[in-house]
Number of protein chains: 2
Amino acid sequence: MTIADIAAATGVAVSTVSRALSRPSRVSAATRERIQAVARELDYVPHPPARALASGRTGTVALVVSDVTNPFYFGMIRGTQQQLTAAGYAHLLIDTEDSGEREVEMLHTMRRSLDGAILGASRLPARALVALAAEIPLVTVNRNVRGVPSVVIDTPAGIAQAVEHLVSLGHRDIVYVSGPAQSWSNQARWQAMRTALERHSLGAQRVGPFPSGRGSGSAAADAVLNSGATACVAFNDLFALGMLTRLRERGVRVPADLSVVGCDDIFGADFSNPPLTTLTAPIEQAGRMAVSLLVSRLDPRAPQPVRRTVVLPTYLTVRESTGSLTA
Amino acid sequence: MTIADIAAATGVAVSTVSRALSRPSRVSAATRERIQAVARELDYVPHPPARALASGRTGTVALVVSDVTNPFYFGMIRGTQQQLTAAGYAHLLIDTEDSGEREVEMLHTMRRSLDGAILGASRLPARALVALAAEIPLVTVNRNVRGVPSVVIDTPAGIAQAVEHLVSLGHRDIVYVSGPAQSWSNQARWQAMRTALERHSLGAQRVGPFPSGRGSGSAAADAVLNSGATACVAFNDLFALGMLTRLRERGVRVPADLSVVGCDDIFGADFSNPPLTTLTAPIEQAGRMAVSLLVSRLDPRAPQPVRRTVVLPTYLTVRESTGSLTA
DNA sequence: TCGGCGGTGACAACCGTTTGCCATGTGTTG
DNA sequence: CAACACATGGCAAACGGTTGTCACCGCCGA
């Protein structure tokens, strides 16, 4: 079942069929209807690879994550999935296993079968990112590099709120639980933490870095306890959640003995024990935005100068893992 | 950069280059090395659509889920992702939004750009499933239909364990919290529940059905409370988790007043309040198995008669949401 | 009545591979 | 030494569309 069959059945040329199907305005209403009717009747379905070969467009966009296992990405996956489907694109999922090289290699290899890609937390150095962007349309999430459109979740601004919250509860020794060193977000958060504490003339200390994953929570909890701090802000909720269970094991009461703040508000943060105070990030929306940015850039008949970088606000969700010290 | 360029640079025919790159044994070692060297030097990357057009193989497998939002699928995504990457396939993600029609339509449309698909909990009636399987290589998960290879997680067997556990704790009124009516798994679980209770000469009651999603937990909790039961088994962890927070709101103590058992052991079941007793399902492994089944079926030079359906065992993980009644 | 014009549809080249078939050259066997 | 088998590599035809170019149509105004 090819357009040739349809052409034969309709008595027109294949080119006409092709146009009737993909650029309907280029063909008279009568012919168009006739062709479409026949196509429907014969249950014709276009052959994507053939189409891609001829046109260069594949109708596929990849979401690149560093670790599918991380619940943070679940939100992204949802967001991109929704928006891509809405825009008629297929959704490819790539896991780079935290390796920048793999990221480049994968994308490089697949660039011809992709119309574009969304990088959810790239591990790439800026120049490599720019180089990659020259090969294939890119949009980054939580990573801001000149020349590459991006959507960033403004967690740093939220960090200020979190610090405010903790200080107002009487905390003076607040420690940051550091994530992977190469993580852009991690650095941004730590930076924000320092300036926020400085505003209150408080010193900033940190523990870590720890590798991502809930497992890091145990080591992190111990380190925090060791630091003598009375409150901490964790790089992300996964850490915070991990800490919570470790603290419980060690008999440390949260928040009576130690307050814990997470980042992102991932699935589970609301029903943990205790429920986690965290910086709620519009992750899903970020995914949707990223797709919108990409798709509009892909559309040839679009007003090109789209905003290159959009920042999404974050807010503090206070639950039960923070409170005043109970001596 | 095409194989033609390489052919020119090497002084051989394009066909030779093609073979050197995709079926290395078909070409002498010397020529092969030479070609590969040139290819590497010129940074040649094959053009997937062209390859797909000519060969009919796309190197892409789709994972079809009814709702990316459901944490149950996170595990599947992980499993398939791992195994597909290992086997050199790209991973397409399709969300059918719980609609069987959409399931068929999507797969029908994309069948030419897919080498196969994994159906994670299909909503399709048996005959439609078989029809679809004729169009494109399929493997189902948690859905057993004659003629379609599948991997099923034997939660029903686990249910028996769960009932055993509850009965041994002294429970006599145990209710099943029913999931979506069209769900195959739901029916299987309810069935298992009945026979398990029967073995103890206990009657089986159920509440529901409830639509999937954690939100259903509230209604479910109320219904269970209303039923007068002292313990319940929920269709899945999402329900159970939702119930837990609802019960907490209502001041019902778990497990002192009510024991709850979930199914699947998804992310979060271990750190909820209280941690959930649940039927641990090897979801990730199921994903991997499904891919293995599919891939081996796709491989022309494979011992064809693979086992058509594999069942994975489930076991009860006792945590703190179950216990004896404290009058 | 004729030249020109906008709109419609046909022709054919091309996209980058794979692969069946065949010619050549080499080594093996009787 | 002849005949044969086999390994190797070349030719060219697909695969199923898209799209630039052009011929043709009827219609308009001059």
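The chains referred to below are lettered A, B, ... by the order of the sequence lines, with proteins before strands, and numbering in each begins at 1. What you see is a predicted model; the values in this text were computed from it and never measured.
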Assign each of B:Leu53 and A:Ser18 to its nearest nucleotide of DNA chain D by heavy atoms, then name whichever residue's nucleotide is nearer the 5' end. B:Leu53
Using the heavy-atom set of chain A and a strict 4.0 Å cut-off, write down the first and last nucleotide of DNA chain C that makes it in, 5' to 3'.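 Listing 5' to 3', DNA chain C meets chain A from C:dT8 to C:dG16.
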Would the number of heavy atoms belonging to other residues, nucleotides or ligands and lying under 6.0 Å from CD of B:Gln182 be above 12? yes
Between A:Phe267 and B:Phe267, what is the ring plane arrangement, given parallel below 30°, perpendicular above 60°, and tilted in between?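 If you compare the ring of A:Phe267 with that of B:Phe267, the planes turn out tilted.
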Could you encode protein contacts along nucleotides 6-11 of chain D as a string, one character per nucleotide from 5' to 3', using B for base contact, S for sugar-phosphate-only contact and - for no contact, with a heavy-atom cut-off of under 4.0 Å? --BBBB
For B:Asp115, what residues pass the side-chain contact (heavy atoms from CB on, under 4.5 Å) criterion, not counting sequence neighbours?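 Expected list: B:Arg57, B:Thr58, B:Tyr89, B:Leu298.
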Donor-acceptor under 3.5 Å (A:Arg34 side chain, A:Thr10 main chain): yes
Does B:Pro46 reach a base, just sugar-phosphate, or nothing at all? Heavy atoms under 4.0 Å. sugar-phosphate
d(NE2, A:His47; P, D:dG17) in whole Å: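 That distance rounds to 7 Å.
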To the nearest 0.5 Å, atom CD1 of B:Ile3 lies from atom CZ of B:Arg51 at 9.0 Å
Among A:Gln83, A:Gln82, A:Gln81, find the one that has a side chain to side chain donor-acceptor pair (under 3.5 Å) with A:Thr85.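 Only one of A:Gln83, A:Gln82, A:Gln81 forms a side chain to side chain donor-acceptor pair (under 3.5 Å) with A:Thr85, namely A:Gln81.
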Do B:Asp43 and B:Met1 come within less than 4.5 Å of each other through their side chains, counting heavy atoms only?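 No - every pair of side-chain heavy atoms lies 4.5 Å or more apart.
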Here the pair of heavy atoms bringing B:Ala13 nearest to B:Ala7 is C-CB, 3.9 Å
